[in-house]
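What follows is one structure encoded as structure tokens, with my remarks underneath.
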Amino acid sequence: MRTTSANLLRTAAAALLLLPAAVLAQQNPMSVRNLADGLPGAYGVARHPDGTVYVSQLDAGQIVAIRDGRSTPALADGWKVSEDLPRWAIKEDVPLSKWMEAKLNRPGPMTISTNGTIYVAEQVPNGRILSFPPNPETGAYDTAVCIPVPWLEQQFQWYDLFVDTYDRLYVAGMDEVGPDFMKFGSALVRDQEGDWWVMDFGPFARFNTFALSAKQDAMLLGDKSHGNISWWEVNRHIMMGGSAEAAGRSTLQSLAYYPDGSFVIGQIDGPGAASVVRMDPFSGQQVPLVSNLKSLGDIEMDRVKGCLYITDPDAGRVIEASPNPAMAYNEVAIRQIVRSIEGMSGVASEAPAFLNTFFDRLQDAAKDLLPDEDATHSVQFTLSDIAGKMPIVAGRVQTVMNVEGAETDPIDTLEFFLLFPSKIVMTEDSATPSLSFFSLKRKSGKIEQTKPIFKNEVGVYRMSGTNIFKVGTSGGGLYVPVVTCGLKSVDEGIHVDLAFLGTGVYDDYYLSLFQGPMQQTATLVVNADGSGTNDAATVTYEATFMEEATIEGLKGKSQEKMSNLLISGFSGGGAGANRSVGWLRLGKFPAQATVSYGDSDTGVSLAGAGGLKDVLDKKELELRQSAADEVTGGDDEGGLAVPEDLLPGGAAAAPAPEETAP
């Protein structure tokens, strides 16, 4: 089973100290009401985009829709199963007849996509994952589509699943055949392209629940065996932290997010007893939310209404639990954890608020450039659009203290926006310096900002070997201040050192910044040469790039510190910035799939994990089948036409691959 590095765990633990105490110190009871009862075996619960709540019933083998407290069957009478099934999914223990059975066998966890498609998993070993897209003409759920998972030979039982707005399908389950100490668990995701990835796996693991943040970039993953919880940054495949034995002596059953971004844990406390608690991810402190449950099946977040739906299978009811007073979902806690990790990695996914005006102006400029016929087109720029093409360092720094009387007009704020920091940008005919924008405001309101001290036609030269020759002239100039930027990543965070050299027009400004989950510091040093407003040779300011923002919290509005430092677009610019190989890729089907290995920081090589060699052996066989298919002109990847001598159990067994290290 994969582990995370000691440094990352220490950093994640340190990040947990940063949340304002008010976020979780206050206990806020829940208002609880019965949404529906008389539903024996009510287990999975999901919210439809139109607001309708759907529930699966284990023993009844059906899915119902709840409207006005009454339940009605959700699936059309006589629904059928689509024959669109890859041949590799048909096995001795899962024959075609089982796949095509138009009957739900103990339907359990379920989820509904943004287009209204229902996904459900059967709660039996080798149970199917089925999707029910609405009929485009009638809207009825009359056809099921089977979703097989490649490479899993164990008799898996899927305990949770979720589909996000990007159509990524998450599933978590475990092998349910044999004694507990022989269990094998796995948590997987199918991406938009149809490729399957293993997020975590291993013997003794019993993954049974997860939850996704509102921005769908942070996932909670629960391990039933010891009640462990881990949280992951989904887009970069980074494990951000974890909590061992979070369920204590209870059995971990379900996970969700509370509106403030803390964690909701559904647990089985004993025979005929279950409860829901809220856990502070920073301190581990837990607060009871809902008790007096006979059992617990699933928890669904309704971010529109700001409530939780909880199923109690033994009582046959679904309850709605809402914070009292009501509060909106802002998920402050998990957002702070994500920003802490991004601060270390140097690759942000969100632009600070102070850059909103910049993006607005950029979009306006792009609209002006569009031809008239495109005037109605929407132009949107995001941080990802820009950082994907060029590295950015930007920030807003506020001074908080300086030497008394050192300057008659002290500095108030300094802002900067650097594209290609400290780089020479090569164009077709010339090399240009990086683009640097600087603005400094003093207490009196006086502003210093980037300006040209020379503008004219400049020569454009090209170097070939040791020869330099002029190829033309171009408009250009020299701008001040001249800016240099240095970045250094360490285990605790990232250092940023900036120099704004005034060249006799302004004073020289040296800015040292440090951003990490545990600490954020800023120091501004002014070196005067008589040209600026500084009365002393050198003045040092204590400063900050953190800014307080008002957030709607548990009891009305609360304050949270937000970072105004942005470092983005550096593919390898920080600790853990590129961890896309942190998950195991299985591919779309068991042929021509690829294996990615975890980085060295995980401490355990996936190549040594139990069962991986079997996967590689099977891949070798499937590659042979694929090659044979190309020769014989067989079906596409969904159904391989393979000669009998290459089929398992055929006239000639495929030779074992050579014993080479993967």
Side-chain angles (χ1 to χ4, degrees), residues 39 41-50 52-66 71-91 93-150 152 155-164 167-173 188-192 194 196 297-298 300 311 588-589 636-639:
L39 298 172
Y43 190 94
V45 58
R47 180 188 182 276
H48 191 279
D50 66 9
T52 304
V53 176
Y54 286 72
V55 178
S56 65
Q57 291 182 261
L58 291 171
D59 297 330
Q62 67 175 352
I63 298 172
V64 298
I66 299 176
S71 61
T72 56
L75 305 183
D77 291 335
W79 62 270
K80 61 181 181 179
V81 181
S82 169
E83 296 182 359
D84 184 13
L85 179 71
R87 296 183 186 179
W88 57 260
I90 304 171
K91 307 173 185 176
D93 53 351
V94 192
L96 179 62
S97 59
K98 182 174 181 178
W99 283 111
M100 294 294 109
E101 186 178 18
K103 174 185 176 182
L104 292 178
N105 190 359
R106 292 182 61 80
M110 58 181 299
T111 183
I112 302 178
S113 67
T114 54
N115 69 355
T117 298
I118 297 175
Y119 294 78
V120 65
E122 296 178 319
Q123 288 291 276
V124 292
N126 277 334
R128 298 171 295 178
I129 300 175
L130 300 172
S131 68
F132 290 85
N135 187 302
E137 297 180 359
T138 65
Y141 293 111
D142 54 16
T143 303
V145 178
C146 299
I147 303 176
V149 181
L152 293 179
Q155 296 188 43
F156 263 74
Q157 182 168 323
W158 303 110
Y159 282 92
D160 205 1
L161 73 166
F162 180 80
V163 61
D164 65 16
D167 288 328
R168 295 178 295 197
L169 176 64
Y170 301 79
V171 295
L188 306 99
V189 59
R190 186 186 68 178
D191 63 22
Q192 303 96 315
W196 286 90
D298 196 13
E300 168 80 352
T311 58
K588 296 182 177 65
F589 65 104
D636 59 15
E637 61 184 42

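Taking the side chain as every heavy atom from C-beta outward, Leu85 and Pro148 approach each other to under 4.5 Å. For the pair Val171/Trp196, a side-chain contact is recorded, criterion being any heavy-atom separation below 4.5 Å from C-beta on. Between Val120 and Tyr43, every side-chain heavy-atom pair lies at or beyond the 4.5 Å cut-off.
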Working note: Ser71 + Leu39, criterion side chain to side chain contact (heavy atoms under 4.5 Å, CB included); need CA distance, chi angles, decisive distance, verdict. CA-CA 8 Å; Ser71 61; Leu39 298 172; 3.5 Å; yes
Test side chain to side chain contact (heavy atoms under 4.5 Å, CB included) applied to Phe156 and Ile129, step by step: CA-CA 11 Å; Phe156 263 74; Ile129 300 175; over 6 Å; no
Candidate pair Leu130 and Cys146, rule side chain to side chain contact (heavy atoms under 4.5 Å, CB included), full reasoning: CA-CA 5 Å; Leu130 300 172; Cys146 299; 3.8 Å; yes
Between Asn105 and Lys98, is a side chain to side chain contact (heavy atoms under 4.5 Å, CB included) present by the stated rule, with each step listed? CA-CA 10 Å; Asn105 190 359; Lys98 182 174 181 178; 5.7 Å; no
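In terms of heavy atoms, Ala42 sits closest to Val55 at CB-CG1, 3.8 Å. Closest of all the heavy-atom pairs between Lys103 and Glu122 is O-OE2, 3.5 Å. The two atoms that bring Pro109 and Leu161 nearest to each other are O-CD2, 3.0 Å, heavy atoms only. Pairing each heavy atom of Trp99 with each of Ala89, the nearest pair is NE1-O, 3.0 Å. The heavy-atom pair separating Ala46 from Ile112 by the smallest distance is CB-CG1, 3.8 Å. Of all the heavy atoms in Thr114 and Pro49, the pair that sits closest is O-CG, 3.5 Å.
No donor-acceptor pair under 3.5 Å is formed between the side chain of Gln155 and the backbone N or O of Pro125. Under the 3.5 Å distance criterion, the side-chain polar atoms of Ser56 are matched with a main-chain donor or acceptor of Gly108. In this structure, the side chain of Glu300 engages the main chain of Arg47 through a donor-acceptor pair within 3.5 Å. When atom types are taken as modelled, the side chain of Thr311 and the backbone of Asp298 share a donor-acceptor pair closer than 3.5 angstrom.
Atom OG1 of Thr143 sits about 10.5 Å away from atom CG of Leu75, to the nearest 0.5 Å. Rounded to the nearest 0.5 angstrom, Ile147 CD1 and Arg128 CZ are separated by 12.0 Å. Annotation: the span from Asp142 atom CG to Lys80 atom NZ amounts to 7.5 Å, rounded to 0.5 Å. Atoms CE and CD1, from Met110 and Ile63 in turn, are 4.5 Å apart once rounded to the nearest 0.5 Å. The line from CZ of Arg168 to CD of Gln192 is 5.5 Å long, rounded to the nearest 0.5 Å. Separating the CD atom in Gln123 from the CG atom in Asp59 is a distance of 11.5 Å, to the nearest 0.5 Å.
Aromatic ring orientation, Tyr170 versus Phe162: tilted (interplanar angle from 30° to 60°).
Paired with Phe132 under the rule ring pair (Phe, Tyr, Trp, His ring centres under 6.0 Å), one option of Tyr54, Trp79, Tyr141 passes, and it is Trp79.
For CG of Asp50, the number of neighbouring non-hydrogen atoms (other residues, nucleotides, ligands) closer than 6.0 Å is greater than 12.
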